[in-house]
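Residue numbers start at 1 and run along the sequence shown. Here the structure is a predicted model, which is why all the values come from computation and not from measurement.
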Amino acid sequence: MRSVRDADLREETRTKEIERRNLEVAIAKGDMRDCECCFGDFPTNRLVHCDAETRHWFCYDCARRNAEAAVGLLKYELTCISTDGCVGGFSRAQRPKFIDEKLKKALDQVEKNIILEQAGINNLVNCPFCSFAAECPPVQVDREFRCQKPDCMLISCRLCRMETHIPLTCDEAAERNGNSARREIEEAMTAALVRKCSKCGTPFIKEQGCNKMRCPKPLCKNIQCYVCSQSCDYAHFND
C-alpha cells in the first residue's frame, strides 16, 4: 500500500513540475489567455475553445464542470458557456482535453438514451450497468432484464434498476441491503447539480435562470458563478 502511495506522490510531483515549466514558457512567450468563465490567467495550451466563428476560451476546470452539469440535467450537447449568447459547442477534438473516460461514458449514455427514446421503440429497456439495450416483453410479464453484453451479462430488476433480487420485492431487497435504490439514484442526480457557497459552504441548487447564484444563507448572500463556483460581481456575467 505504501509503495502505491509513493508512486502516486511521485506522479503528482512530476505533473506539478511539468505544469510549472509549461507556465514559465507561456509567460516568457506571452502566450497567456484569460478563461472567459472564471477569468483566471492560463497558458493557451491549457485552455479549450468553442467552435463558433468567434472563439471563446475556457480553462479545463470550467469546461469540465459545464460537462458535469450537462450530465446532471440529462443533456449531452455541450454548449459554449460564454455569457454573450454564443450558440457554439465543443468539438470532438477539444473534448478529450477536459473530459475523462468516466465523464465521456456518462455523456455517451445520456445521448444514447435520448436517441432511443426518440426512436419510439416499444418496451425498450437499457441495462442499468452498461450501454446495452434490448426490446423486452412488458414488465408485468418479466421483471428481470438479462444483459447480453459480454463484459457485463448482469441480470437486473426492471423496476428498481438494481441487480436482480427475485423473489424479494424491491422494498424488501432495499431494506435487506440497508438503503433505498431510488434514494441512491436521486442522491446521485442531486450531487451533480448541487453547489456549495464559496464563502460559507452552504449547499444550494440552481432550479432555473442564469448562472448568477446568490447564497440562500441570510447572513452571507455571497454571489457566485454556478459554472465555475467563483465569487464574483455582476461584471462577471456581462463580459
Side-chain angles (χ1 to χ4, degrees), residues 8-111 191-199 204-206 209-214 222-239:
D8 290 342
L9 182 60
R10 287 194 297 271
E11 180 61 24
E12 181 180 352
T13 301
R14 188 181 73 85
T15 300
K16 287 182 178 179
E17 179 62 18
I18 291 174
E19 292 303 312
R20 184 187 67 79
R21 291 179 180 178
N22 185 70
L23 178 61
E24 288 180 350
V25 171
I27 292 175
K29 292 182 176 180
D31 191 21
M32 300 287 289
R33 280 179 177 269
D34 287 344
C35 168
E36 296 182 52
C37 181
C38 68
F39 298 98
D41 204 19
F42 298 89
T44 301
N45 64 0
R46 293 299 184 266
L47 296 170
V48 294
H49 60 76
C50 72
D51 57 11
E53 184 175 351
T54 300
R55 293 178 173 179
H56 298 98
W57 297 78
F58 307 98
C59 68
Y60 293 173
D61 284 344
C62 288
R64 184 179 64 255
R65 291 192 187 101
N66 179 49
E68 291 171 346
V71 171
L73 294 170
L74 296 181
K75 297 180 179 179
Y76 65 90
E77 296 178 338
L78 303 183
T79 56
C80 179
I81 48 180
S82 171
T83 57
D84 65 358
C86 177
V87 296
F90 294 92
S91 69
R92 296 291 178 181
Q94 291 287 305
R95 292 189 179 196
K97 297 179 181 179
F98 62 92
I99 295 178
D100 60 19
E101 188 61 28
K102 182 178 180 181
L103 185 52
K104 179 181 181 300
K105 287 182 178 179
L107 287 166
D108 289 345
Q109 186 62 49
V110 171
E111 180 178 10
L193 298 175
V194 168
R195 296 292 186 272
K196 287 187 177 180
C197 175
S198 57
K199 183 177 180 181
F204 58 87
I205 188 170
K206 183 179 81 165
C210 70
N211 288 324
K212 178 178 69 66
M213 305 296 296
R214 185 184 295 274
N222 174 57
I223 294 176
Q224 71 183 64
C225 176
Y226 178 76
V227 176
C228 70
S229 296
Q230 175 179 306
S231 294
C232 54
D233 56 23
Y234 287 90
H236 178 84
F237 307 97
N238 294 327
D239 293 338

Discussion item. So Cys59 and Cys38, do their side chains get closer than 4.5 Å, heavy atoms only?
Written reply: yes

Practice prompt. State, with a plain yes or no, whether a side-chain heavy atom of Leu23 is found less than 4.5 Å away from one of Met32.
Written response: yes

Worksheet entry | Separation of Arg33 CZ from Leu47 CG (nearest 0.5 Å) | 7.5 Å

Worksheet item: Does Glu36 offer a backbone N or O that forms a donor-acceptor pair with the side chain of Asp34 under 3.5 Å?
Response: no

Item to complete: Show your reasoning for whether side-chain contact (heavy atoms from CB on, under 4.5 Å) applies to Cys80 and Val87.
Response: CA-CA 6 Å; Cys80 179; Val87 296; over 6 Å; no

Fill in: Test ring-ring contact (aromatic ring centres under 6.0 Å, His included) applied to Phe98 and Phe58, step by step
CA-CA 10 Å; Phe98 62 92; Phe58 307 98; 9.4 Å; no

Worksheet item: Do Lys104 and Asp100 meet the salt-bridge criterion of a basic N to acidic O distance under 4.0 Å?
Response: no

Discussion item. Less than 4.5 Å apart, side chain to side chain, heavy atoms only: is that true for Cys50 and Ser82?
Written reply: no

Item to complete: Quick one: pull up CZ in Arg65 and SG in Cys225 and give me the separation to the nearest 0.5 Å.
Response: 9.0 Å

Worksheet, complete the sentence: When rounded to the nearest 0.5 Å, the distance separating CG of Asn22 from OG1 of Thr44 is 10.0 Å

Discussion item. Contact between Trp57 and Val48 at the side-chain level, heavy atoms closer than 4.5 Å - yes or no?
Written reply: no

Worksheet item: Do Gln224 and Ser231 have side-chain atoms, one donor and one acceptor, less than 3.5 Å apart?
Response: no

Item to complete: With rounding to the nearest 0.5 Å, note down the distance linking CD in Gln94 to CG in Leu78.
Response: 12.0 Å

Fill in: Under the side-chain hydrogen bond (donor to acceptor under 3.5 Å, both in side chains) test, residues paired with Gln109 that sit two or more places apart
Asn113

Worksheet item: Between the main-chain N or O of Gly89 and the side-chain N or O of Asp51, is there a donor-acceptor pair closer than 3.5 Å?
Response: yes

Worksheet entry | Intermediate values then yes/no, side-chain contact (heavy atoms from CB on, under 4.5 Å), Ile81 and His56 | CA-CA 8 Å; Ile81 48 180; His56 298 98; over 6 Å; no

Worksheet item: Taking 4.0 angstrom as the limit, do Lys105 and Asp108 come out as a salt bridge?
Response: no

Worksheet item: If you measure from the Lys or Arg side-chain nitrogens to the Asp or Glu carboxylate oxygens, is any gap between Glu17 and Arg20 under 4.0 Å?
Response: yes

Response to the item:
Value for OG1 (Thr54) from NE2 (His49), rounded to nearest 0.5 Å, stands at 12.5 Å

Worksheet item: Is there a side-chain contact between Asn66 and Phe90, using heavy atoms and a 4.5 Å cut-off?
Response: yes

Practice prompt. Using a 4.5 Å cut-off on heavy atoms from C-beta on, say whether the side chain of Lys97 contacts that of Arg46.
Written response: no

Worksheet item: When you look at Lys75 and Val110, which way does the side-chain contact (heavy atoms from CB on, under 4.5 Å) test go after all the steps?
Response: CA-CA 6 Å; Lys75 297 180 179 179; Val110 171; 5.5 Å; no

Worksheet entry | 4.5 Å side-chain heavy-atom contact, Asp31 and Val25 | no

Worksheet item: Is there a side-chain contact between Leu103 and Glu68, using heavy atoms and a 4.5 Å cut-off?
Response: yes

Practice prompt. State whether Arg21 and Glu24 are salt-bridged, where the test is any N-O pair (Lys NZ or Arg NE/NH1/NH2 against Asp/Glu carboxylate O) under 4.0 Å.
Written response: no

